[in-house]
Protein chains: 2
Amino acid sequence: MAAKRSGAQGKRSQPGELPEAVPEPRGEPPLSLERIVATAVELLDAQGVDGLTMRRLADRLGSGVMSLYWHVDSKEDVFDLALDSVLEYGGPPQACEPQDWREEVVGVLEDWRASMLRHPWSASLLPRRALGPNILGRLELLSKTLSGAGVADADLNVAIWSLWNHVMGSTVTRASFELSDDDRAAAQQRLARRSERYPTIERSRLLLDSDWDGTFRKGLDFLLDGLAPRG
Amino acid sequence: MAAKRSGAQGKRSQPGELPEAVPEPRGEPPLSLERIVATAVELLDAQGVDGLTMRRLADRLGSGVMSLYWHVDSKEDVFDLALDSVLEYGGPPQACEPQDWREEVVGVLEDWRASMLRHPWSASLLPRRALGPNILGRLELLSKTLSGAGVADADLNVAIWSLWNHVMGSTVTRASFELSDDDRAAAQQRLARRSERYPTIERSRLLLDSDWDGTFRKGLDFLLDGLAPRG
DNA sequence: ACCTGAACACCGTTCAAGT
DNA sequence: ACCTGAACACCGTTCAAGT
């Protein structure tokens, strides 16, 4: 959940030192929460959720395994921090003012989805994890936008969770069914072999040709149609 | 993915045997795929996803660990089979004929959701897993119903995945935020402590009072409104 | 304040062997 | 056809200790 305090450290560039001295040119920089989280994200990007191991993480950082535990409470903690770090919000894309609330909501959610697609392990980690500041920030932004658009207080939580589920679901599903072509072909093979049992999904090539971006956009439109303040 | 063949076995109740003989009264019955899967589900219900261990599973079955591997390819295989077994479809609830396609779809999805809520680990296993016959059967049923209702072929996959994401998302989210009261209070505490940063979600008590059933039903209605064949 | 190695109590799975 | 134990190559984390 909460990482340990990382006390005051790194008194870089004090005046009156050797002028030529390059800052930390040799060896690894010292351990820090930032470095641990950044390296964890690298490892997750490279090897997936199962690839993240405390020992491997320590190796990449050039430290002993147990050194990590001074900065971090547990492996769960590392997951929480990596997830939240990947969901940092950069703010609205342009200097362009949001024209209308609906465009604004779509923008917020598309940015969220794009962040998760950049790190395919992240969507599957979204449920069951403690919510970090960036995730809470995104929820707050979404919530404020919807509220400002006139969604009644009584409907606000329903609206937020519906949208959250849609973003998470469409990202997770896309990641899990975007297998290698071989795997997908094999899956459809198995399906075809018993096409008498599953004629409809075999005919629509559900496991082969699904349009993930379209699913996201259309589903989102339907939800927003429904959530739009009445009147 | 596919469990190993479990050859012909169990020639129960042949005629002309000792009439009083109780079938297998002493000791454990022999290992079988069915018994392995059923016990895995028990273990998952009791201990959650992390609680399922090949060694613990073997213990419960009264066998050696490696005996499992004759019936099963890997632990992944056990997960796939357990997940699919929990999603067996019992058919429509009553003798009542479906009045209209929309009611039928709602019924199919509510049954799906109910099955997963009975086994809180199942929703989180739904993504990333090979689709077993029961899951494929449910997809086929859903697909057929939508198709029969007039949803255009071009929209069919989008419709199925949107509904899949909604059912999975709402179940997974509910399970992960239905923590103990203590945990939930603590989460809201942390939120309250920085209520200046997250005023909206703090005010709406997003992490405390969310109405999961309402979210499911309302989100589903919006999706179905949107997916309904035009005209 | 920060880092370490040894040790503990586990994992999933390979393998060669038993019946 | 079905089951087994020993062994391998790992895990996350506790602990007592170093600087």
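What you see is a predicted model, and the numbers here were worked out from it, not measured in a lab. These values consider heavy atoms only, across backbone and side chains, with no hydrogens, waters or symmetry-generated copies. Quick note on labels: first sequence line is chain A, next is B, and so on, each numbered from 1.
On the C1' atoms, C/dC2 is 13 Å away from D/dA17, given to the nearest whole Å.
Here the CD atom belonging to A/Glu76 is positioned 4.5 Å from the CZ atom belonging to A/Arg129, to the nearest 0.5 angstrom. The distance from atom CG of B/Leu136 to atom CG of B/Leu141, rounded to the nearest 0.5 Å, is 12.5 Å.
Side-chain N/O atoms of A/Asn157 and B/Ser204 include a donor and acceptor closer than 3.5 Å. No hydrogens or angles considered: a donor-acceptor pair under 3.5 Å links the side chains of A/Thr173 and B/Asn165.
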*Could you encode protein contacts along nucleotides 6-15 of chain C as a string, one character per nucleotide from 5' to 3', using B for base contact, S for sugar-phosphate-only contact and - for no contact, with a heavy-atom cut-off of under 4.0 Å?*
B----BBBBB
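Judged by distance alone, the side chain of A/Ser85 and the main-chain N or O of A/Ala82 form a donor-acceptor pair under 3.5 Å.
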*Using a 3.5 Å limit on both pairing distances, list the dot-bracket string of DNA chain D from the 5' end; Watson-Crick and G-U wobble pairs count, crossing pairs take [ ], interstrand pairs take |.*
||.|||||...|||||.||
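In this structure, the CG atom of A/Leu33 is 17 Å from the P atom of C/dA1, given to the nearest Å.
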*Evaluation steps, side chain to side chain contact (heavy atoms under 4.5 Å, CB included), between B/His71 and B/Ser63*: CA-CA 12 Å; B/His71 301 268; B/Ser63 76; over 6 Å; no
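Salt-bridge check for A/Asp45 with A/Arg118: failed, with every basic side-chain N at 4.0 Å or more from each acidic carboxylate O.
Classification of the A/Trp212-B/Trp161 ring pair by plane angle, with boundaries at 30° and 60°, yields tilted.
Proximity of B/His71 to the phosphate of D/dA1: no side-chain N or O atom is located under 4.0 Å from OP1 or OP2.
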